[in-house]
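Read the structure below first, then the notes.
Protein chains get the first letters and strands the later ones, always in sequence-line order, with residue 1 at the start of each.
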Protein chains: 2
Amino acid sequence: MESKKSILEISSTLRNKGMKMTQQRRVILDVLRNTKSHPSAEWIYNQVRQIIPNVSLGTVYRNLNILHQEGLVLEMNYGKGQSRYDGMVEPHYHVRCSECGRIDDVELDSINHLSETVESLTGFAVSDYRLEFNGQCPDCMKNN
Amino acid sequence: MESKKSILEISSTLRNKGMKMTQQRRVILDVLRNTKSHPSAEWIYNQVRQIIPNVSLGTVYRNLNILHQEGLVLEMNYGKGQSRYDGMVEPHYHVRCSECGRIDDVELDSINHLSETVESLTGFAVSDYRLEFNGQCPDCMKNN
DNA sequence: TTATGTGCAAAATATTTGCTTTCCG
DNA sequence: CGGAAAGCAAATATTTTGCACATAA
């Protein structure tokens, strides 16, 4: 089991960098950390609005960018659609349905030494990697 | 060594699906297949313009989308910037410099059975996967 | 000949930003 | 109190699309 940082720990990390933990930021983070759906900024915005009715979409984007920079959320881009976000930052992989866009986690053990191998092959300093599977989800298989 | 489909073979594949091989389409494919730089639609557009001066950016996008659907080019999305394209469709991996955006190929043997494992773990029908490394390229390392 | 593709420009989509005001610490 | 963040709306960036005309097969 991975231990998840508490909101309190995150607050103090941010404070040390001169950043504040606003109500908006806390709720955005909370919404994202409490769903397994890998949502878009707009979906998050709609959830947050139920708690802070006059929050703006710009604020959601600004916070997602900041949280992403700080390594507190993952951002994933697919094709030309909206980016999707993930509050689970511990290394893990994803499968995505190319029909409906659903994204599931893959419980695959991490593949060892890949980064090191790539560093010696390419001369790059590798910081991380992304492994994503594409296909058709069980629901879409049924409906066809 | 992988054998690359010739433009002639591609033309006939397209023709069988009721599609035409126009001058624009041929040049776009040609430009993309003759660079190792994993370029953006705009870069391709500028190259194509040197051969077909009044080609439009819309045509480049339309063709890249069609060629991608037909499995003749790869499309890669990073962050919020432009998509990047690759004329090499045989399975291979990429490293990307998060500073300058440079993308290199990684000559890593493909990892066997990954898709099958993921299928049994998730219930998805996996068609392909994408493995991408992130880091800093040798040039950007020097300049810092 | 005729359906597919092109050029052009306008529209759509997704995200960012400027400015004033609010509020966390 | 002071600076970081929010709200709102306008601006950007990237990609798509409608329509009249051109062209490959």
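The side chain of T59(A) lies closest to dG7(D) when the candidates are dT6(C), dG25(C), dG7(D). Side-chain atoms of Q24(B) lie closest to dT6(C) of the nucleotides dA5(D), dG7(D), dT6(C). For N65(B), taking side-chain heavy atoms from C-beta onward, the closest of the listed nucleotides dG25(C), dA5(D), dT16(D) is dT16(D). Among dA5(D), dA25(D), dG25(C), the nucleotide with an atom closest to any side-chain atom of K20(B) is dA25(D). Candidate nucleotides dG7(C), dG5(C), dG25(C) were compared by shortest atom distance to the side chain of N54(B), and dG7(C) ranks first. Out of dT15(C), dA5(D), dG5(C), the shortest distance to the side chain of M19(A) is found at dA5(D). The nucleotide whose nearest atom lies closest to any side-chain atom of Y61(A) is, among dA14(C), dC8(D), dA25(D), dA14(C). Closest approach to the V55(A) side chain among dT16(D), dG7(D), dG7(C) is made by dG7(D) (side chain taken as heavy atoms from C-beta onward). Side-chain atoms of L57(A) lie closest to dT15(C) of the nucleotides dT15(C), dT6(C), dC24(C).
Nucleotide dA14(C) holds its C1' atom 12 Å from the CD atom of E75(A), rounded to whole Å. dA13(D) atom C1' lies 10 Å from atom CD of E42(B), rounded to whole Å. Here the P atom of nucleotide dT14(D) and the OH atom of Y78(B) are 16 Å apart, to the nearest Å. Rounded to a whole Å, the CZ atom of R26(B) is 11 Å from the P atom of dT6(C). Remark: P of dA24(D) and CD of Q23(B) are 8 Å apart, rounded to the nearest angstrom. When the C1' atom of dT16(D) is taken as reference, atom CG of N63(B) falls 14 Å away, rounded to whole Å. The NZ-P distance, from K17(A) to dG25(C), rounds to 16 Å in whole Å. The interatomic distance linking L64(A) (CG) with dA5(D) (P) rounds to 14 Å, in whole Å.
The residue R15(A) sits close only to the backbone: its heavy atoms come under 4.0 Å of sugar-phosphate atoms, none of a base. Nucleic acid contact for R62(A): base, since at least one base atom lies under 4.0 Å from a heavy atom of the residue.
Of the side-chain N and O atoms in S56(A), none sit less than 4.0 angstrom from OP1 or OP2 of dA6(D). Distances shown here put a side-chain N or O of S83(A) below 4.0 Å from the OP1 or OP2 atom of dT15(C).
Side-chain contact between L29(B) and M21(B) is present, with heavy atoms from C-beta onward closer than 4.5 Å. When side chains are defined from C-beta on, L32(B) does not count as touching D86(B), because their heavy atoms never get closer than 4.5 Å.
Of the charged side-chain nitrogens involved, none lies within less than 4.0 Å of a carboxylate oxygen, so that E90(B) and K4(B) do not count as a salt-bridged pair. A salt bridge between K36(B) and D105(B) is absent, with no side-chain N of the basic residue lying under 4.0 Å from a carboxylate O of the acidic one.
Remark on DNA chain D: of its neighbouring residues R84(B) and M21(A), the 5'-side contact belongs to M21(A), judged by nearest-heavy-atom nucleotide.
Checked by atom type and distance alone, the side chain of R33(A) never pairs as donor or acceptor with a backbone atom of G87(A) at under 3.5 Å.
With no hydrogens or angles considered, no side-chain donor-acceptor pair links H94(B) and D104(B) at under 3.5 Å.
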